Amino acid sequence: MDSEIKEEIPVHEEFILCCGVETQVLKCGPWTDLLNDQSANRPKLLIFIITGNPGFPAFYVTFAKALYSLINRRFPVWIISHAGHALVPKDKKILTTLDDPNAQEIKDIYGLHGQVEHKLAFLRTHVPKEMKLVVIGHSIGCYVALQILKRAPELPIIRSFLLFPTIERMSESPNGRIATPLLCWLRYILYVSSYLLLKPCPEKIKSWLLSVVLQKMNVQSDFPLLNLLEPFCLVNAAYLGSQEMMEVVKRDNETIKEHLPKLTFYYGTIDPWCPKEYYEDIKKDFPEGDIRLCEKKIPHAFTLHFYQEMADMVADWLKDDLSQIETETEGNKD
């Protein structure tokens with residue numbers, strides 16, 4: 001499966017200005033411009049992946065490819081970076097596109113609520129209004145996905161999968177207790193040290209360092225991950241993390257209740273960001289919800305080594321929805 005995914009499935013990389021911020025979008029499948037595609041073969045649905053923090057889409061490519069393959073390449077799978085987590089390489093161009101006229105007014109775009117508005121602006125300006133959406137959130141991407149449901153009820157989202165969801169009590173979680181002082185009180189040390197150490201570092205050395213680290217982690221990437229060593233991106237990731245610790249406190253039960261039939265939650269048994277007790281609590285509050293507990297000891301960062309297992313599950317959960325869309329499509333042709 002890995003060799004098939006790696007060699008045959010096209011992934012198109014774009015850098016756009018979204019809300020005036022450089023944004024990386026990775027598009028799995030042959031459809032690169034859904035908005036201007038008026039062909040009869042244009043898909044009726046888009047699968048939209050919102051990453052965790054840091055928001056580097058390259059880490060999600062193997063998962064997206066596996067999922068795309070499992071749904072028989074019928075629908076596009078797109079991954080978007082967080083605002084401020086991507087810089088355009090010197091050999092790449094920024095595509096000029098129409099932007100949301102209100103998007104320029106977004107305040108604190110690198111913060112938590114700004115990231116929500118950033119994703120909404122993208123969906124409103126790059127995806128046809130009538131196109132159905134499946135939103136997959138991972139980690140803090142789950143919080144963003146819930147906020148999208150809350151703030152944009154007009155979007156035709158038919159399902160949302162929340163994988164290892166950090167949607168409550170982040171600072172109280174095992175990892176949160178460690179991360180909170182680092183991100184909220186000591187992040188300025190990170191700011192200064194990253195600029196002093198990494199800013200003057202030549203690109204060749206950064207590339208070498210990254211290759212060594214990724215090799216040790218046994219991680220391969222189809223796209224460069226130099227943003228991992230860009231001070232601008234690291235600073236913004238730390239800033240977003242500090243807001244997560246302070247603002248992701250209480251679970252948004254009202255939004256969950258309103259959209260419960262669309263939601264699937266997947267909690268880990270070894271996840272230090274959302275421990276098992278968080279699963280037990282939400283299961284108690286929403287016994288009728290599709291709330292699942294991992295039985296395979298998949299870690300929070302599933303995209304590194306467990307992307308195939310997660311893709312298998314998500315594809316299985318999607319079967320009925322995709323069959324219904326295909327049935328509707330065939331009916332419209334008749």
Side-chain angles (χ1 to χ4, degrees), residues 9-52 55-61 63-65 67-68 71 73-89 92-106 109-110 113-138 141 144-161 223 227 236 325:
I9 295 175
V11 180
H12 176 73
E13 181 184 42
E14 283 183 3
F15 287 93
I16 61 168
L17 283 180
C18 184
C19 311
V21 174
E22 294 177 12
T23 303
Q24 184 187 29
V25 185
L26 298 179
K27 301 179 176 183
C28 196
W31 308 278
T32 59
D33 187 356
L34 294 174
L35 202 62
N36 295 311
D37 183 355
Q38 301 301 324
S39 69
N41 295 324
R42 189 181 77 180
K44 304 295 182 186
L45 176 136
L46 167 67
I47 298 174
F48 187 64
I49 298 175
I50 304 174
T51 73
F56 301 142
F59 281 125
Y60 292 78
V61 169
F63 168 68
K65 282 183 172 183
L67 180 58
Y68 179 71
I71 60 172
R73 311 182 182 208
R74 292 168 292 173
F75 304 101
V77 181
W78 290 6
I79 319 160
I80 188 171
S81 71
H82 288 315
H85 294 206
L87 285 175
V88 182
K92 300 281 185 180
K93 291 183 179 180
I94 298 179
L95 294 181
T96 54
T97 56
L98 287 174
D99 213 338
D100 185 344
N102 299 314
Q104 300 298 335
E105 300 173 14
I106 293 176
I109 192 168
Y110 303 135
H113 297 290
Q115 297 291 356
V116 176
E117 293 299 328
H118 174 257
K119 310 305 174 291
L120 282 172
F122 177 84
L123 289 172
R124 287 168 174 159
T125 56
H126 290 80
V127 181
K129 290 181 180 179
E130 69 279 6
M131 180 163 285
K132 291 181 170 63
L133 293 164
V134 169
V135 177
I136 300 175
H138 172 230
V144 175
L146 283 177
Q147 287 294 307
I148 287 173
L149 285 169
K150 180 178 183 176
R151 299 188 198 186
E154 76 281 1
L155 289 175
I157 298 172
I158 61 167
R159 287 294 296 278
S160 189
F161 299 105
F223 295 91
N227 286 328
N236 285 324
I325 288 172

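What you see is a predicted model, and the numbers here were worked out from it, not measured in a lab. Only heavy atoms go into these numbers, but all of them, side chains included; no hydrogens, no water, no symmetry mates.
Remark: Glu14 engages Lys27 in a salt bridge (Lys or Arg N to Asp or Glu O under 4.0 Å) (not counting sequence neighbours).
How far CH2 of Trp78 is from CG of Leu123: 9.5 Å, rounded to the nearest 0.5 Å. The structure places CD of Glu22 at 6.5 Å from CG of Leu17, a figure rounded to the nearest 0.5 Å. Ile16 contributes atom CD1, which lies 5.5 Å from atom OG1 of Thr23 (distance to the nearest 0.5 angstrom). If you take NZ on Lys119 and SG on Cys19, they are separated by 8.5 Å, rounding to the nearest 0.5 Å. Going from atom CG of Leu35 over to atom CG of Asp33 covers 6.5 Å, rounded to the nearest 0.5 Å. Residue Ile157 holds its CD1 atom at 13.0 Å from NZ of Lys132, rounded to the nearest 0.5 Å.
The two residues Val77 and Ala64 have their closest heavy-atom pair at CG1-CB, 3.8 Å. Considering every non-hydrogen atom in both Ile80 and Thr51, the closest pair reads O-CG2, 3.7 Å. Nearest heavy atom pair, residue Pro30 against residue Pro10, reads N-CG, 4.3 Å. Closest non-hydrogen pair, Ile109 versus Cys18, comes out as CD1-O, 4.4 Å. Taking both residues in full, the closest heavy atoms of Cys28 and Ile9 are given as SG-CG2, 3.5 Å, listed atom of the first, atom of the second, then distance.
The closest side-chain heavy-atom distance from Met131 to Arg42 is below 4.5 Å. For the pair Phe56 and His85, the minimum side-chain heavy-atom distance is below 4.5 Å. Phe63 is not listed as a side-chain neighbour of Ile79, based on a closest heavy-atom distance of 4.5 Å or more. Taking the side chain as every heavy atom from C-beta outward, Gln147 and Leu120 never approach each other to under 4.5 Å. Side-chain contact check for Ile106 versus Val21: every heavy-atom pair is 4.5 Å or farther apart. Side-chain contact between Pro156 and Glu130 is absent, with no heavy-atom pair separated by less than 4.5 Å. By the 4.5 Å heavy-atom criterion applied to side chains, Phe161 and Val134 are counted as neighbours.
Put simply, the side chain of Ser39 never gets that close to the backbone of Asp37: no donor and acceptor are under 3.5 Å apart. Listed for the Ser160 side chain is a donor-acceptor partner under 3.5 Å among the backbone atoms of Val135. No side-chain donor-acceptor contact under 3.5 Å links His118 to the backbone of His82. Looking only at distances, a side-chain donor or acceptor of Gln115 sits under 3.5 Å from a matching main-chain atom of Ala83.
Between Phe122 and His126, the ring-plane angle classifies as parallel under the 30° and 60° cut-offs. Taking the six-membered ring for Trp and thresholds of 30 and 60 degrees, Trp31 and Tyr68 have ring planes more than 60 degrees apart, a perpendicular arrangement.
Under 4.0 Å is where a charged nitrogen must lie from a carboxylate oxygen, and between Glu117 and Arg151 at least one such pair does.
Taking the six-membered ring for Trp and the full ring otherwise, Tyr60 and His138 have centroids separated by under 6.0 Å.
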Exercise. What do the steps show when you test Phe48 against Val127 for side chain to side chain contact (heavy atoms under 4.5 Å, CB included), and what is the final call?
Worked result: CA-CA 10 Å; Phe48 187 64; Val127 181; over 6 Å; no

For this session: Let me see the working for Leu26 and His12 under side chain to side chain contact (heavy atoms under 4.5 Å, CB included), right down to the final yes or no.
Result: CA-CA 6 Å; Leu26 298 179; His12 176 73; over 6 Å; no

